[in-house]
Amino acid sequence: MFRTIKCVVLTLVVMVLASCSKDEYLNVIPKESSMVMSVDLASIAKKGDMANSDLLKVLNDATASLSKNDKEKAKKYTDDPRETGIDLSEPVYVFKTPTQYVGVAMKIDDEDKFSEFLDVLRDNGSCSKIVEHEGKKFGALMDCDFAYNDNTFALLIPLAANSKAGNRAVLTSMFNQKEEESFVSTDNFKKMADGKGEILMYVNLGVLPANMPLAQMYGMNGMKPSDVEGFLSTSFVDGKMVMTTEVSGKTEAARKMLEESTKSMRKIEGKYINVPTDKSLIWFCAGVKGVEYLKNLKKTPQVKELLLLAERTVDIEKIINSVEGDFAVTVGELPSATDNFMSLNSFMPDYLITANLNNTDFLKDADYWKRSMRDYGFTMTETGKNQYSISNGDIDINWGVDGNDLYFASKNALLKNAFTQHSNILDTYKDDIKDSYMYMFFNLDALFSSQVMGMIGQVPAVQKRVSCLKSFIIQSKETNKCEVILELKDDKTNFLKQMF
């Protein structure tokens with residue numbers, strides 16, 4: 001009886017110790033990391049049916065030129081990746097450290113097998129000699145320093161010119177971190193880990209280059225990009241990949257500014273859902289409050305510059321201020337291969353911009369615009385009641401007002417919109433569109449059925465995967481959240497299985 005109790009107690013102790021050490025490998029991630037991403041390779045491999053995928057065949061073909069001995073060694077790991085000694089049931093983590101490195105952390109399941117795996121890599125020149133110091137083993141994998149012990153592997157990719165000694169020191173510091181000193185102890189980790197999907201990510205916008213429009217926009221009014229944080233989760237389900245993003249303010253000032261930026265938004269009514277045809281490439285729509293929307297547009301220097309250029313023809317700011325409701329942009333099909341690609345008008349796809357207005361007061365200034373735009377080489381001709389054509393010899397733009405609808409269009413798009421049958425391509429998405437503040441539909445089926453497919457379709461592996469694609473969608477149903485969806489034609493089979 002005593003022996004039985006003792007065995008039970010020992011078993012429980014082992015279970016507790018195992019559960020405590022399960023996430024120990026995450027302690028190497030620095031607490032102040034500005035980007036942390038986890039990738040569930042086990043789930044990806046299972047959903048993608050990797051054992052029967054074309055990619056595995058490509059990997060096997062890549063080892064065909066190896067010697068018999070090397071081929072046998074490689075086959076050992078391709079047949080069973082667990083032989084590497086890495087615990088692939090636990091996610092791989094990629095992170096950006098405060099000391100200008102991209103780090104990779106993985107859980108070691110069997111240190112002896114992992115050391116043997118490194119020996120194989122060293123034999124073919126990919127890995128350096130392993131040096132042991134204070135319970136950790138150090139080496140370099142293709143000029144990137146790494147360290148490991150019986151639980152954790154961490155590799156550093158330098159983003160700046162750092163010495164090897166510096167890399168070793170950073171690795172030692174990371175391995176000496178306690179849980180409370182690592183990213184795993186933060187609320188950001190907990191929020192990221194609560195996400196659903198194979199890829200989860202936390203990012204601080206401070207990692208963005210300073211000249212990016214997004215970083216510049218969030219840097220207005222004294223708010224730094226580093227004051228804004230984002231959380232992303234990517235899941236692979238039947239027929240589609242879904243990436244969900246959420247943006248939040250790190251400081252009170254940032255939260256206030258993000259709230260201010262949503263004042264220009266309203267839900268889409270769906271007035272222009274029937275505009276695109278089956279061959280239209282892009283349809284974008286947003287619910288807009290013009291006055292507030294213009295304020296946000298002018299926060300981005302590049303957009304502000306475009307608005308100033310547009311002012312040479314019409315008072316674009318006054319027009320935008322008059323918009324209240326749906327604002328939609330439809331981009332038509334690509335030009336055919338027989339078109340003259342040296343001509344700007346024939347190379348550019350047709351487009352139609354439509355917007356709902358709450359007033360048409362700006363039409364009173366049309367005669368003044370006719371005179372003032374001549375100074376910049378433009379002419380404006382009246383083509384009908386409240387309808388005009390603007391030209392400078394190279395570019396022709398049609399615009400006008402029909403009731404409370406504003407439009408800007410290329411010549412062909414305007415004719416097609418008036419005289420051709422529209423499609424119901426967006427009907428199945430109607431409920432999602434009307435539940436969104438912003439919605440973009442990119443018609444991949446139309447894109448790859450055009451001459452583009454002829455350019456990239458020479459490679460069978462590429463053709464197979466491209467031919468699966470149906471659409472690329474971005475929708476925002478909440479002011480601080482956005483979903484990015486890559487949709488396939490077959491909605492009964494997992495996205496990864498079709499792609500792999």
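None of the values given here were measured: they were computed from a predicted structure. All values below come from the heavy atoms of this structure, side chains included, with hydrogens, waters and symmetry mates left out.
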Taking side chain as C-beta onward, heavy atoms only, is M201 less than 4.5 Å from V36?
no
Can you check whether P91 reaches V39 side chain to side chain, under 4.5 Å on heavy atoms?
no
Going by atom types only, do S185 and E180 share a side-chain donor-acceptor pair under 3.5 Å?
no
For C468 and M499 the tightest heavy-atom approach is CB-CE, 3.8 Å
Quick check: are there more than 12 heavy atoms from other residues, nucleotides or ligands sitting under 6.0 Å from NZ of K497?
no
Decide if atom NZ of K240 counts as having more than 12 heavy atoms of other residues, nucleotides or ligands within a radius under 6.0 Å.
no
Tested for side-chain contact (heavy atoms from CB on, under 4.5 Å) against Y101, the lone hit among L155, I157, V170, D145 is V170
To the nearest 0.5 Å, what is the distance between CG on L426 and CG on N274?
9.0 Å
Presence of salt bridge, R266 and E269, under 4.0 angstrom:
yes
I'd like to know whether S436 forms a side-chain hydrogen bond (donor to acceptor under 3.5 Å, both in side chains) with Q475, so could you lay out the CA-CA distance, the side-chain angles of the two residues, the decisive distance to 0.1 Å, and finally the verdict.
CA-CA 6 Å; S436 299; Q475 61 184 26; 4.7 Å; no
Applying the ring-ring contact (aromatic ring centres under 6.0 Å, His included) criterion to F441, which one of W283, F472, Y429 satisfies it?
Y429
Minimal heavy-atom distance between L444 and L469, with the atoms involved, is CD1-CB, 4.0 Å
Assign the ring pair F284 / F327 to parallel, tilted or perpendicular, where the plane angle (0 to 90°) is split at 30° and 60°.
perpendicular
Measuring only between side-chain heavy atoms, which start at C-beta, is E311 closer than 4.5 Å to E317?
yes
May I ask you to check whether over 12 heavy atoms, not counting those of K492, lie within 6.0 Å of atom NZ?
no
Taking the six-membered ring of F362, is NZ or CZ of K318 closer than 6.0 Å to its centre and within 45° of its axis?
no
Minimum-distance pair of heavy atoms, taken over all atoms of E382 and K370:
OE1-NZ, 3.8 Å
Pairwise distance CG(D396) to CG(N398) - rounded to 0.5 angstrom
7.5 Å
From N494 CG over to K46 NZ, what is the distance, rounded to the nearest 0.5 angstrom?
11.0 Å
More than 12 heavy atoms of other residues, nucleotides or ligands under 6.0 Å from CG of D238: is that the case?
yes
Lys NZ or Arg CZ of K47 over F495 ring: under 6.0 Å, within 45°
no
Do C482 and I474 come close enough that some side-chain heavy atom pair is under 4.5 Å?
yes
